[in-house]
Each structure stands twice: as C-alpha cells, then as structure tokens.
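Below is one structure; the comments refer to it alone.
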Amino acid sequence: MKHLSIATLCGSLRKRSYNAMALQAAVRLAPSHMRFETIAYDYVPIYNQDVQEFSFPEGVLRVAQALRRCDGLIIASPEYNYSIAGPLKNLMDWVSRLPDRPFKEVPVALISAASGAFGGPRAQYDTRRVLAAMDALVLLKPEVYINMCNTKFDEQGTLIDPQTVRFLTDQLYAFDRWIARVALNE
Ligand SMILES: Cc1cc2nc3c(=O)[nH]c(=O)nc-3n(C[C@H](O)[C@H](O)[C@H](O)COP(=O)(O)O)c2cc1C
C-alpha cells in the first residue's frame, strides 16, 4: 500500500503537553502505511503585516513547505478561554497570507485535549471555521475530544483510557478513508 505522509501540528508549545501526547498516541494507533512528520513552529513570530510585507519569516515558509508535501494534517490543540490556542491561530494567520494558500485542499483531522469537562469543542469548532476560510478539507466525523485530559495519560505520556483509544483509532481510520476520497476527486 502507498505510504501516506501525515504532518502533525500541536496547538500547545509546552513540553508536557497532553495534546502532544495525543499526537504520539495517534502515531502509535494509525494505519501502518501512515508516516508522520511533526511540524515545529515555536520560532514563528507574532503576526505583523509590516513584517509580512518586508518578507515572510523563514519559519513560516518551512511550515508551508511541510503542508504542501503532506497527504494529510492532524492538528491536536487545547482550548484557551473557549477558543483557539493563540500559537495555532497565529500560525494559521501567517500561513493564510502566502499567495499559494498552503492549507488549500489539505485533508485535516482535528483532536483536542483539554482539562475541562468538555475536551475543547469550542476551540475545535472555531478551528474548523478558520480552516474553512483557507479551503482546508476537514474530516467532519468522528470528532475526538479528550476531556479531563490529565486523567487519560500515564506518567510516561501514554494514552491509557480505553474509550479514548477507541475514539482516536476510529478517527484515524476514517481519516485514512477521507484522504483517499479527497485524492479520488483531484
Ligand atoms: C490560557 C489558557 C486558557 C485555558 N482555557 C481553557 C478552556 O477554555 N477550556 C478548557 O477546557 N481548558 C482550558 N485551559 C486548560 C487546558 O485545557 C489545559 O491546561 C491543557 O492541559 C492544555 O493543553 P496542553 O496540555 O496540550 O498544553 C486553559 C489553559 C490555558 C493555559
């Protein structure tokens, strides 16, 4: 089977991020023909149109290249104050200004892990809205919200909640089919 190149983006930049742990779990649970590349972007500055008009930061160009060469993108992000985490929104704003629109027609799957009772749905729905503006092709269902995330991983960062493992696995296989459907229509 043809390998699929899957890029991953984490909305949290901290080392012990539960969202980063969720992405590690996704790597473990994914269909075997998926190959993963982590997109690092902690060096991307805060968006400023003056900077953009001078030149796009190198870090933004590198993220754009990773998006252009991937077959699909998985974003895992926390919810910050009922909405998108700032680092992720900042990155999407930067990339959206590139003339060839690197998010355009990229299949995307969304995961959120948050310590609240809901698991970040408000952030995920706001992220869908922003991705729609950029013509990304977001998988609608299954949705994965990892609520009370501090109870779902062990000390080593392994996802240990069986129900979440099931939800995430289902989403990854649905994402595989979604990527195939998108490719058929190209
Ligand atoms: C600025 C900020 C805002 C937050 N707002 C929310 C929120 O609206 N809903 C929620 O469930 N958790 C909220 N949290 C808690 C996060 O869900 C929790 O810190 C989570 O572990 C962050 O994800 P991470 O582990 O990947 O860094 C917030 C945390 C921060 C730092």
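It should be emphasised that the depicted structure is a prediction, and the values quoted were computed from it without experimental measurement. Every number for a ligand or one of its atoms is a count from 1 in the order of the listing.
More than 12 heavy-atom neighbours from other residues, nucleotides or ligands sit within 6.0 angstrom of CZ on F56. Dense packing is recorded around CZ of R28, with more than 12 heavy atoms of other residues, nucleotides or ligands lying under 6.0 Å away.
At the shortest separation from atom 8 (O) of ligand 1 among protein heavy atoms lies Y82 N, 2.8 Å. Of the protein's non-hydrogen atoms, E79 O, 3.2 Å is the one closest to atom 13 (C) of ligand 1. Looking at atom 21 (O) of ligand 1, its nearest protein heavy atom turns out to be Y18 CD1, 3.5 Å. Protein heavy atom in closest approach to atom 2 (C) of ligand 1: Y80 CD2, 3.5 Å.
Under the 4.0 Å criterion applied to side-chain N and carboxylate O atoms, R97 and D93 are not assigned as salt-bridge partners.
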Begin with the C-alpha distance, continue with both residues' side-chain angles, and end with the deciding distance and a verdict on side-chain contact (heavy atoms from CB on, under 4.5 Å) for D100 and R68. CA-CA 10 Å; D100 67 336; R68 285 187 206 108; 2.5 Å; yes

Would S83 and D126 count as a side chain to side chain donor-acceptor pair (under 3.5 Å) here? Give the steps. CA-CA 6 Å; S83 189; D126 286 354; 2.7 Å; yes

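Contact atoms of ligand 1 toward A114: 10 (C), 11 (O), 17 (O) (distance under 4.0 Å to a heavy atom of the residue). Counting the atoms of ligand 1 from 1 in the order shown, those under 4.0 Å from a heavy atom of N19 are 23 (O), 24 (P), 26 (O). The R14 neighbourhood of ligand 1 comprises atoms 21 (O), 24 (P), 25 (O), 27 (O), with distances under 4.0 Å to a heavy atom of that residue.
Backbone and side-chain nitrogen or oxygen atoms of R122 are examined, and none is located within less than 3.5 angstrom of a nitrogen or oxygen of ligand 1. Between N81 and ligand 1, an N or O atom pair is found at a separation short of 3.5 Å.
Side-chain polar atoms of D176 and H33 form a donor-acceptor pair below 3.5 angstrom. For the residue pair Y145/E143, the side-chain donor-acceptor check at 3.5 Å is satisfied.
In this structure, S115 has a heavy atom closer than 4.0 Å to ligand 1.
The nearest non-hydrogen atom to atom 27 (O) of ligand 1, considering only S12, G11, P78, comes from S12. Residue G116 holds the heavy atom nearest to atom 11 (O) of ligand 1 of all those in G116, A113, C149, A123.
For the pair R122 and Y80, the cation-pi criterion (under 6.0 Å, within 45° of the ring axis) is not fulfilled.
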